[in-house]
Each structure stands twice: as structure tokens, then as C-alpha cells.
2 protein chains.
Amino acid sequence: MPGFPAFAVTVDLVVLTVRDGGLAVLLVERGEEPFAGRWALPGGFVRADEDLPEAADRELAEETGLPAGTVHLEQVATYGAPGRDPRQRVVTVAYLALAPDLPLPVAGTDAADARWVPLAEAGPLAFDHARLLAEAVERARAKLEYTPLATAFCPPEFTVAQLRRVYEAVWGRALDARNFHRKVTGAAGFLEPVGATTARDGGRPAQLFRRGPATSLHPPLLRG
Amino acid sequence: MPGFPAFAVTVDLVVLTVRDGGLAVLLVERGEEPFAGRWALPGGFVRADEDLPEAADRELAEETGLPAGTVHLEQVATYGAPGRDPRQRVVTVAYLALAPDLPLPVAGTDAADARWVPLAEAGPLAFDHARLLAEAVERARAKLEYTPLATAFCPPEFTVAQLRRVYEAVWGRALDARNFHRKVTGAAGFLEPVGATTARDGGRPAQLFRRGPATSLHPPLLRG
DNA sequence: GCCACTTATCGTCAACCCGACGACAACAAC
DNA sequence: GTTGTTGTCGTCGGGTTGACGATAAGTGGC
């Protein structure tokens with residue numbers, strides 16, 4: 001099969017976390033043209049002997065320094081319009097990563113100038129990254145309804161209130177604490193009680209939970 | 001940016017329809033190695049000046065002869081494992097297409113040997129196409145719940161019973177005609193009455209409907 | 001015309017789920 | 001103890017669900 005057009009293939013990451021009651025995305029400042037000085041999603045070329053999820057894992061480790069497996073990672077969509085990179089034909093596979101609130105940037109990584117940027121303050125991005133970001137965020141919002149994905153924003157053990165704050169941050173809407181508690185503890189396989197409680201700063205201690213084995217929520221938590 | 005690995009990029013299509021009460025997929029028989037004689041999903045290389053959806057549209061027109069825009073087309077996922085094509089490094093973007101029941105293959109197209117194959121009878125497929133097919137089908141099943149996508153399997157005007165048979169075929173489960181009628185006609189923007197009725201062969205004539213403007217269903221139709 | 005038979009559509013009912021909200025429990029600070 | 005804060009359990013009316021009975025509007029046989 002000769003004569004097929006040659007493409008470069010990259011993996012770009014939309015890494016989200018919950019900070020200060022809102023969603024934040026991991027961005028890097030570009031040092032080179034095109035779009036020098038602009039903010040962009042972290043990412044890079046897929047290597048010759050690498051599968052796509054491997055490349056995404058590697059980029060994530062390089063950008064965040066996190067041990068692989070601690071963050072949720074899933075493919076979102078692929079973009080390949082001619083001209084989306086002015087230098088050459090590039091096809092980009094976008095991945096969505098959800099992480100607990102973590103200190104960043106980690107020293108000694110590729111992108112020393114990586115930063116968490118609140119979603120609302122993300123200015124114009126390089127390439128078509130604004131679209132990648134928007135579509136990844138919408139995917140995350142939708143998946144919170146019918147999967148236990150929100151636990152990916154939490155540490156291994158967490159309280160119902162922490163989980164609720166995740167939902168409120170992602171959906172941008174206040175939720176009733178009582179009804180949320182009922183639904184979340186009632187969904188089979190969503191949460192597993194750890195047995196311990198938190199020592200908190202003023203207020204009744206809360207039960208700790210771990211993520212349960214369910215992969216989908218019945219019934220789902222609807223945005224309304 | 002020199003030295004990046006060169007990839008070939010293809011678009012593969014999972015074209016589904018409802019036939020004889022079950023899902024069927026459009027497959028072509030491969031004429032060349034590798035996998036000569038095996039069934040495979042239709043698809044082909046993305047051209048040098050083409051966007052990905054354009055390439056999918058073009059391949060669909062070549063395989064089915066349908067005028068563009070009559071079938072629903074959406075991206076599902078991208079596959080790029082090294083070795084998935086033994087000849088060279090290929091990244092494949094899978095698209096899901098939903099079509100009404102149509103006569104195929106259309107004479108004068110690329111793949112004269114394209115056939116509708118019932119899902120259960122699809123034997124071993126070339127490359128990793130079994131996985132592409134399975135993931136696309138699961139996407140279709142899930143989207144029927146909360147989008148008006150089922151109408152893509154129907155002609156422009158259809159009855160509630162036709163729509164119900166689509167759901168039953170895709171989900172592989174019988175549905176109560178009365179409850180289905182209530183829910184489907186109650187969901188805002190799902191169906192628009194045409195005013196006419198069908199002249200049917202034994203039985204009360206049914207009202208005809210057109211697809212409504214809604215892009216999501218409230219409330220959704222759950223599989224249970 | 002009358003009678004089965006088929007298919008479409010409307011109604012009824014109990015069980016369940018939802019959102020709004022009241023009540024209480026268990027801690028800290030003073 | 002009192003106050004304030006946070007977590008957890010209950011209650012209530014309205015809407016939705018699935019199971020299923022009843023009726024409407026055609027066809028074909030006689």
C-alpha cells in the first residue's frame with residue numbers, strides 16, 4: 001500500500017481537577033512557534049512502538065509526575081482537520097484525565113510551567129485546544145450522571161460531602177445535601193463504607209467511604 | 001519538528017441497520033492480504049487534504065451509494081496499537097453510521113461484495129474489527145436511551161410501532177407497546193405528528209410521525 | 001352485514017423515585 | 001450549657017414506572 005499520505009499523530013491531555021469549588025484544567029505555556037506564549041493542553045507525539053493509551057499514560061506521567069494508575073484516563077475524540085497545525089498534517093487523539101486536587105507543577109518534569117487554571121479563566125488556547133477542552137469537559141459532566149466517575153476526583157477515602165462538592169463543582173449547581181446523601185448511599189456498588197470517620201474541624205464527623213465496584217449507577221444521578 | 005514517526009490514518013465505518021427484527025452490520029469481503037477472504041468493516045485512507053468527518057462521509061457514499069446527509073454519522077473511538085496492521089503503522093478512526101433498512105449492495109460502488117450481516121452471524125473479522133464493532137454497537141445501545149437516535153434507523157415518516165421495533169432490535173428485548181407509546185409521545189420534541197395515517201394490512205391505521213427537534217430525551221427511555 | 005382477528009391507542013393502579021424541607025446527632029469553640 | 005457547624009435520617013406531595021385492562025379502527029371470511 002504505497003502512496004498513502006503521512007500523518008503525525010499526537011496525544012493531547014485534558015487533565016481536570018476540582019479546586020476551590022470549581023473545575024480546573026492543567027495547561028502549559030508554549031515556548032515555541034506557532035502560538036508561542038499561548039496556553040495549550042499538554043501532549044506530544046506518539047512514538048513508533050507505542051499504543052495510544054501508553055502514549056497518554058507516558059505524557060501524563062511526564063507532565064504531572066504522578067504514578068500511573070492513580071488517575072482515571074479515557075479517550076474522548078480525535079481531531080484531524082487539515083491546517084489545525086500550520087506546520088504539517090497532524091492527527092490528535094484527545095484523552096480526558098481526572099485527578100484529585102494535587103500540588104503542581106511537579107519539579108523535574110518536562111513542563112516546569114504547567115499550571116492548574118480555573119476553567120472560567122482559561123483564555124484563548126493554542127491550535128483547536130479550546131474545542132478539545134470543551135468537548136472533554138462536556139463528556140466529564142455527562143459521565144458523572146450515570147457512572148461512579150466522580151470518585152476519580154477524590155482521594156482513595158472520602159466523605160459524602162467531599163463527593164457532593166465534586167458534583168457541585170463539575171455541574172456548577174448547588175445540590176441538596178440530604179437528597180444527595182440518600183441517592184449516593186442508595187446506589188448499589190457506588191460507595192463502600194470504610195468504617196472509620198473523619199476528625200473534622202467543627203461539625204459532626206463524617207463516615208469515610210471507598211469507591212465501590214459498580215461501573216454504572218442505577219439509578220443515575222440526574223442534573224435535572 | 002523533524003523526526004516524528006509517520007503514520008497512515010484510515011477511517012473505518014460501522015454501518016448498522018435493523019433487519020428482520022435484529023441489528024445488521026455492513027461488511028465487505030477482503031480481496032487482498034492480509035486477511036484475504038475475511039470479512040471486514042468498510043473503510044479507507046484519509047486523503048491529504050481531507051478532514052476526518054469528510055473522509056467518513058466519502059467512504060460511506062462509496063460503500064452504500066447513499067446521498068450524504070440521509071444517515072447519522074458520528075465518531076466513536078480511535079485505535080492505534082502497533083501491529084494491528086501487519087504491514088505498517090496505521091491509526092484508525094472508527095465512525096458509527098445508522099441507516100434505515102435499505103437495499104444493498106448498490107451496484108457500481110467500490111465494494112460490490114458489501115453485505116448486511118446479522119450481528120449474531122458476524123464471524124471472525126479482519127484486524128481488530130471485532131473490537132471496533134463491539135464498541136460501536138455498545139455506543140448505539142447506550143445512545144438510544146437518552147437521545148432520539150433511534151429515528152435514524154427509520155424512514156423520514158414512521159409509526160410508533162416501527163420505532164418500537166427499532167428499540168426491541170437494538171436492545172434485544174421486548175417492550176410493552178402501551179407504555180412505549182406513552183413515553184415516546186410524552187417526551188418533548190421527540191416526535192412530531194405528520195397528520196396522516198398509514199394504510200396497513202390488517203389492523204387499525206397508525207399515526208405517522210416525523211423526528212422532532214430534541215437532541216436529548218427528557219425523561220430518557222431506560223433499558224431497565 | 002356479522003364475526004373473528006389484528007394492530008393502535010387510551011386508562012387505571014400500585015410501587016417507586018424525586019425534590020423540598022423538617023428534625024436530630026455529633027462534634028468544636030466559648 | 002450554649003451556639004455554631006456539619007452529617008445523617010424521615011416525611012410528604014407530585015411525577016414516572018411497569019403491569020395490564022379496555023376500547024378504537026381497520027382487514028378478511030362467510
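Below, chain A is the first sequence line, B the second, and so on; all start at residue 1. Reckoned from all heavy atoms, side chains included, excluding hydrogens, waters and symmetry mates.
Every residue two or more places apart in sequence or in another chain that forms a salt bridge (charged side-chain N to carboxylate O under 4.0 Å, His left out) with R139(A) is listed here: E74(A). R223(A) is linked by a salt bridge (charged side-chain N to carboxylate O under 4.0 Å, His left out) to E138(A), E145(A), counting only residues two or more places apart in sequence or in another chain. Take R210(A) and apply the salt bridge (charged side-chain N to carboxylate O under 4.0 Å, His left out) test, not counting sequence neighbours, and it matches E157(A). Under the rule for a side chain to side chain donor-acceptor pair (under 3.5 Å), E192(A) has no partner lying at least two apart in sequence or in another chain.
If you take CG on L132(B) and CG on L96(B), they are separated by 11.0 Å, rounding to the nearest 0.5 Å. One distance of note links CH2 of W171(B) with CZ of R141(B); it measures 11.0 Å at 0.5 Å rounding.
Among residues at least two apart or in separate chains, there is no ring-ring contact (aromatic ring centres under 6.0 Å, His included) pair with a member in residues 135-159 of chain A. Listed by first then second residue, pairs satisfying side-chain hydrogen bond (donor to acceptor under 3.5 Å, both in side chains) with a partner in residues 124-135 of chain A read D12(A)-H129(A), Y79(A)-E135(A), R84(A)-D128(A), R131(A)-E135(A), not counting sequence neighbours. Counting only residues at least two apart or on different chains, the ring-ring contact (aromatic ring centres under 6.0 Å, His included) pairs with a member in residues 177-203 of chain A are Y167(A)-F180(A).
Taken residue by residue, residues 166-184 of chain A places heavy atoms nearer than 4.0 Å to DNA chain C at D176(A), R178(A), N179(A), R182(A), K183(A). Less than 4.0 Å separates DNA chain C from no heavy atom of any residue of residues 185-193 of chain A. Near DNA chain C, meaning a heavy atom under 4.0 Å from it, residues 140-156 of chain B has no residue at all.
Extent of DNA chain C lying under 4.0 Å from chain A heavy atoms, first and last nucleotide in 5' to 3' order, is dC18(C) to dA28(C).
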Nucleotides 23-30 of chain D: protein proximity per nucleotide (B base, S sugar-phosphate only, - neither; heavy atom, under 4.0 Å): -BBBS---
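Each of V71(B), L26(B), V137(B) was checked for a side-chain contact (heavy atoms from CB on, under 4.5 Å) with L16(B), and the lone residue meeting it is V137(B).
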